[in-house]
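Take a look at the structure below.
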Amino acid sequence: METISKNSEIKNLLKNGTAVHSSSFIFLFKKNNLNKPRFVFIASKKFSKKAVDRNRAKRLLREAIRQNYKAISNIPVDIALIAKKSILKKKSHQVAKELKQILEKVFGNQNEKSTDFIY
RNA sequence: GUAGCUUCCUAAUGUGGUACAGGGAUUUAUUCCCUGAGGAAAGUCCGGACUCCGUAGGGUAAGGAACUGCCGAAAGGCAGGUGGGGGUAACCUCACGGACAGGGCAGCAGAGAGUAGACCGCUGAUUUUACCUGGCAUCAAAAGUAGGUGGAAACACCGAAAAGUCAGGAGAAUCAGCAAGGGUGAAACGGUGGGGUAAGAGCCCACCAGCAUAGCUGGUGACAGCUAUGGCUAGGCAACCCCUUCCUGGAGCAAUCCCAAGUAGGAGGGCGUUAAAGGUGACCCGCCUUAGCCCUCGGGUAGGGAGCUGAGAUAAAUGCCACUUAAUACAGAAUCCGGCUUAUUGGGAAGCUACGGUU
RNA sequence: GCCCCCGUCGUCUAGCCAGGCCUAGGACACCGGCCUUUCACGCCGGCGACACGGGUUCGAAUCCCGUCGGGGGCA
């Protein structure tokens, strides 16, 4: 999976992306010009003072994406996942399940051809 | 055996899947191999390396350090010394130059809080008292007073008693001496005993504590022990200012250096020359302001690289699911080292202490 | 990551450097009472804090050390 590397692109995504809230994270997405998805995982210092907590939150989100990567591997979209505090109490499979529900809600069935309606 | 003290070690180079980062080999669909968080990586409390700014000498200011020895680049560590505090003990813990250089502080209480002080108290002298005890005297004085009688009144007559003196004691006042005792306080200018004295006091003496000086012994040293002599006693706070000795230039890898789009602007040169742009204005004239285009130059933004690593990223890698086990907690590298401090689980090692039992 | 600053009632603050008068003052808020037909204003009274743990000192909100929490700057 590919991450977004430029600071300006991330700021653009955070400013103009569409947000979907879940209990343990915020899902932000925006169409890009590539033919594959890109990701960014965010856990700020405000989220937790401890570096361990921030690292764990980002790993949980990355693991959730990895488990659901097949479903969105062809969709050209930039995705930001912003951690919420409650994610630290959850197991990895719970987070993956939450992400799966959101992906189905936003992008529909991955076999469906037209994803344009969401934009 | 139970309870405890001290000093340490260890974080599966675990197994099987499946992902991630860096490197290497092979190939250019790839596949394989190696390496990949900590004892605190943390707090950023110290010190150093490194880099830039400064010219770094001297002085001032500011900050820091301060018993001894060893190690160390320094912080700091280890061992020891002296003096406090805690624990039955093993042991733990705190402090460490100077208060005769100077300034400052000490509420309340208390007589007095700094070369201080006299409240109660102790002592002497003088004065005094209708006090007490004892001796002496029973004269004088008190007194012709109190009181009584007579009288209308003036007045006349009768007519006491205590308070005496000396000595001692007691009380009071004044003056002086004292600092032993009481009491206040966190703290009041050595302790005990004897002599001494009007009463007392290092006033004198003995012993003890402590101080200074000298000597000897032990120790590398801080210091300890012993002996002699001296003078009789010296208060607390420098984590208040301060004094003495020593140390410190400032900033920090988001430091710093290199490469370097686009846009705007700067400098130089050329072209252009009364056109153009902007403002005023509903519009025109008019008025005001400024430029335009091209080339070159360096500075420099986004971005990239170096700094940067036998972990070494730059939106930032160690994850997830099972298994075995005592293996969980605290917790995650961003320039690197050395410390300090704080957080913390399970297992293990060595030495030691107290209590109980057995031999 | 590196470097600074600050913690006092519910809130904003005074006191801190220069220790004792601090059982910590003031304003707003809150509670009760008075005033008013009632509310507001006003008056009176009450409740309420030195971030935490050690140390220095006779004595600490104040001085020293260590934790915890909050805020800011630097590309």
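Residue numbers begin at 1 in each chain, while the letters A, B, ... track the order of the sequences. Everything numeric here is computed off the predicted structure, so don't read it as measured data.
The NZ atom of A/K91 sits 9 Å away from the P atom of B/C320 (whole-angstrom rounding). The CZ atom of A/F41 sits 12 Å away from the P atom of B/C20 (whole-angstrom rounding). Per the geometry, CZ belonging to A/R62 stands 12 Å off P belonging to B/G319, to the nearest Å. Here the C1' atom of nucleotide B/A316 and the CZ atom of A/R59 are 11 Å apart, to the nearest Å. Distance CZ (A/R38) to P (B/A315): 12 Å, rounded to an integer number of Å. Protein atom CG of A/L61 is 14 Å distant from nucleotide atom C1' of B/A315, rounded to whole Å. For the pair A/K58 NZ and B/A21 P, the computed distance is 15 Å after rounding to whole Å. Per the geometry, CG belonging to A/L60 stands 19 Å off P belonging to B/A19, to the nearest Å.
At B/C320, one or more side-chain N or O atoms of A/R56 fall inside 4.0 Å of OP1 or OP2 (strictly under the cut-off). Contact annotation: A/S92 does not reach the phosphate of B/G319 (side-chain N/O to OP1 or OP2, under 4.0 Å).
Rounded to a whole angstrom, the distance from the C1' atom of B/C241 to that of B/C207 is 45 Å. Rounded to a whole angstrom, the distance from the P atom of B/C242 to that of B/C70 is 34 Å. B/A343 and B/U44: their C1' atoms are spaced 16 Å apart (whole Å). For B/G265 and B/U290, the P atoms lie 16 Å apart once the distance is rounded to whole Å. Rounded to whole Å, the C1' atom of B/U15 lies 47 Å from the corresponding atom of B/G303. If you take atom P in B/A306 and the same atom in B/C330, they sit 38 Å apart, rounded to whole Å. Rounded to whole Å, the P atom of B/C105 lies 14 Å from the corresponding atom of C/A18. Taking atom C1' on both B/G357 and B/G219, the two are 47 Å apart, rounded to the nearest angstrom.
Looking at which nucleotide of RNA chain B each of A/Q67 and A/R54 is closest to, the 5′-most match is held by A/Q67. Both A/V52 and A/H93 sit near RNA chain B, but only A/H93 has its closest nucleotide nearer the 5' end.
In a base pair of the Watson-Crick type (N1 to N3 plus N6-O4 or O6-N4) or a G-U wobble (N1-O2 and O6-N3), with each distance short of 3.5 Å, B/A62 is matched with B/U248. Pair check for B/C155 finds B/G150; Watson-Crick or G-U wobble, both atom distances under 3.5 Å. Both distances falling under 3.5 Å, in either a Watson-Crick or a G-U wobble arrangement, occur for no nucleotide opposite B/A160.
A salt bridge does not link A/K30 with A/D78: every distance from a Lys NZ or Arg NE/NH1/NH2 to an Asp or Glu carboxylate oxygen is 4.0 Å or more.
Separating the CD1 atom in A/I65 from the CD1 atom in A/I79 is a distance of 5.5 Å, to the nearest 0.5 Å. Once rounded to the nearest 0.5 Å, the distance linking CD1 of A/I87 with CG of A/L60 reads 5.0 Å.
Side-chain atoms of A/Q67 do not come within 3.5 Å of backbone N or O of A/A64 as any donor-acceptor pair. When atom types are taken as modelled, the side chain of A/S86 and the backbone of A/S23 share a donor-acceptor pair closer than 3.5 angstrom.
Checked against B/U18, B/G332, B/A315, the side chain of A/N55 finds its nearest nucleotide in B/G332.
For the 3.5 Å distance criterion, the side chains of A/S22 and A/E98 qualify, holding a donor opposite an acceptor.
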